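The shown structure was predicted, so the numbers you read here are calculated from the model rather than taken from an experiment. Labels below follow one simple rule: chain letters A, B, ... track the order of the sequence lines, proteins then strands, and each chain is numbered from 1. Atom set for the values below is all heavy atoms of this structure, side chains included, hydrogens, waters and symmetry mates excluded.
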Protein chains: 2
Amino acid sequence: MSSNTIADRLQARFDTLTRAERQLADAILENYPVSALGTITTVAQTADVSTPTVARLVQKLGFKGFPEFQAEIRQELEARISSPIAKHDTWAEHAPEGHILNRFTEAVIGNISQTLAQIDVETFERGCAALADPDRAVFVVGGRITRALADYFFLHMQVIRPRVTHIQSISNAWPHYLLEVAEGDVVVIFDIRRYENSTLKLAEMAAEKGAKIILFTDQWRSPVHKYADVCFCCRIGVPSAWDSSVVSLLLLESVIADVQERNWPVTRGRMDALEEMFDRTRFFRKFT
Amino acid sequence: MSSNTIADRLQARFDTLTRAERQLADAILENYPVSALGTITTVAQTADVSTPTVARLVQKLGFKGFPEFQAEIRQELEARISSPIAKHDTWAEHAPEGHILNRFTEAVIGNISQTLAQIDVETFERGCAALADPDRAVFVVGGRITRALADYFFLHMQVIRPRVTHIQSISNAWPHYLLEVAEGDVVVIFDIRRYENSTLKLAEMAAEKGAKIILFTDQWRSPVHKYADVCFCCRIGVPSAWDSSVVSLLLLESVIADVQERNWPVTRGRMDALEEMFDRTRFFRKFT
DNA sequence: CATGAGGTGAAGATAATTTTTCAGAGAAAT
DNA sequence: ATTTCTCTGAAAAATTATCTTCACCTCATG
């Protein structure tokens, strides 16, 4: 019964409808399903029929009343809007539906979908462009948990371009690094809840020095965002006592891919040089 | 090009919102825009706030009342539905189809799907059970790039349970750590291509000492897998010169969630103690 | 042309939604 | 510790939507 939509039912029963009802059905189908979302009065006016006609039609379709009809329209819409992949019930096929692997993955996919839907592409590209600019030095800062993300980012950027520094915010020596920050430099900050005070201070001071700040944070946005030129807000909710960094990592890797592409000639040279160094290291290791 | 949708406005003004309003905004954005289509009461209940809160929020956004707000939501929806590209195979809606964000995300989703489909649940659970066993010490080892993943895992496990050690494989002091490894202990190894020789050696020696080895690797499997009791093979291909660690992180977080659940009483106590220590740290920080 | 059956919409009755009011809770400041 | 302020949701009030009734209309049929 729920397999066929209201639109289908309207068309199937079209012959059994009266003149005004057909006029109404036409109007609904014309711009389905948004046309059926207003109040019963709005719908009636759009179709140029009276409200009782609308009420009678939805009853003919088997609904108790207009609100019930509209509820089903909304359900249909939701099914249609939400991306098809998000409806994957079981990801790990060999696991039961409620297994942590499936629940977790389900949540992560949702996070990805929502985060990406809200991202501003111009901002993304502005950030990548700044990171690819060889005239700007790059500093990377993480917090207690996010230091792993910061490290991951640093490892890649270090290969992609020169003048990249990882500020180990754990140490209380970070003010030393600030000495190096010049106007126009880029400071990439990771601050996901529990936001850290020292990170905020660092951002404030970097901003004062005229640095461009790129922030990776969660949907609730760290206070650092006041100073940020580019702000990536990642959804982090998962069925766990911990927050998920998967979406942050996804964006991070996208940024890396984009920057590396903008910078390809430079990156290429650096990667080759790195390879060569590894080869020589390995050569020596053989004999140890 | 962002035409100032309500979603945009909600995000832009997020800071100026109060607690309950943020909660509401979150709920609306969670399943936007269908979430905003019911009655004001429905919307309020979904977000677990009161109706006046909803009314106040929409007024903050500049609408005269909820109906006016909803009318605009419907308009947006209509524009979105009727737009020629109603197909939802783009993830970042504001980006062109071939944008790196969309290509990258597409690849990552594919990786997740493939990896999860192949995972063996019993193996997963065996690994988690071992990690939750307090009688076994846990050692974590990463490589050049994967050290960030190892660090992330270590950070969480350290809170969840006692006797967790991070072996910094970069240092050549890792043999020192091996002295500590006893029979039945768990060694978690990250080895994603370019596989590292020292990692392989470490695995071999740990196996000899009777340690249980859990390996995170890629689809081509590091040679370490010969010694591994549990082997997670993650798809890593993305449109980039680099490999993606997103799937590895996803599995990692799933493992963390599972272990933490098995160990909840212990974890709980440790997390509380940690919170308390942070509170005291923050107290002191106030005066610095 | 008369008649009646079924269809339609105006208008009022009913039910609901939305808005307003207000008191208590909680945070920030003194 | 106390005061002040803002925020929040319960409940009442206002508004609006939905439903019901009924008179009128159309059109097929005798």
What is the distance, rounded to the nearest whole Å, between atom [atom1] of [X] and atom [atom2] of [N]?
X	N	atom1	atom2	result
B/K60	D/dT6	NZ	P	12 Å
A/R22	C/dT8	CZ	C1'	16 Å
B/L57	C/dT19	CG	P	12 Å
B/Q23	D/dC7	CD	P	16 Å
A/R19	C/dG6	CZ	C1'	13 Å
A/L24	C/dG7	CG	C1'	14 Å
B/L17	D/dT6	CG	P	17 Å
A/K64	D/dT18	NZ	C1'	13 Å

Task: OG1 on A/T105 to CD1 on A/I100, rounded to 0.5 Å - done: 9.0 Å
Open item on the list: With rounding to the nearest 0.5 angstrom, report the CG to SG distance, A/D218 to A/C234.
Closed with: 8.5 Å
Phosphate OP1/OP2 of [N] contacted by [X] side-chain N/O (<4.0 Å):
X	N	answer
B/Q59	C/dT20	yes
A/T51	C/dG9	no
A/T18	C/dT8	yes

Open item on the list: Between D/dG9 and B/R56, counting only base atoms on the nucleotide and side-chain atoms on the residue, is there a donor-acceptor pair under 3.5 Å?
Closed with: yes
Donor-acceptor pair between [X] and [Y] side chains, under 3.5 angstrom:
X	Y	result
A/Y227	A/E208	no
B/N31	A/E78	yes
A/T165	A/Y177	no

Open item on the list: Starting the side chain at C-beta, find the nucleotide from D/dG9, C/dT8, C/dT19 nearest to B/F66.
Closed with: C/dT19
Open item on the list: Which nucleotide wins on minimum distance to the side chain of A/P52, given the candidates D/dG9, D/dT20, C/dT8?
Closed with: D/dT20
Open item on the list: With a 4.0 Å cut-off on N to O distance, would you call B/D15 and A/R221 a salt bridge?
Closed with: yes
- [ ] Classify the ring geometry between B/H166 and B/F154 as parallel (under 30°), tilted (30 to 60°) or perpendicular (over 60°).
- [x] tilted
Task: Positions of residues 31-50 of chain B (non-hydrogen atom under 4.0 Å from DNA chain C), listed by number - done: B/T39, B/I40, B/T41
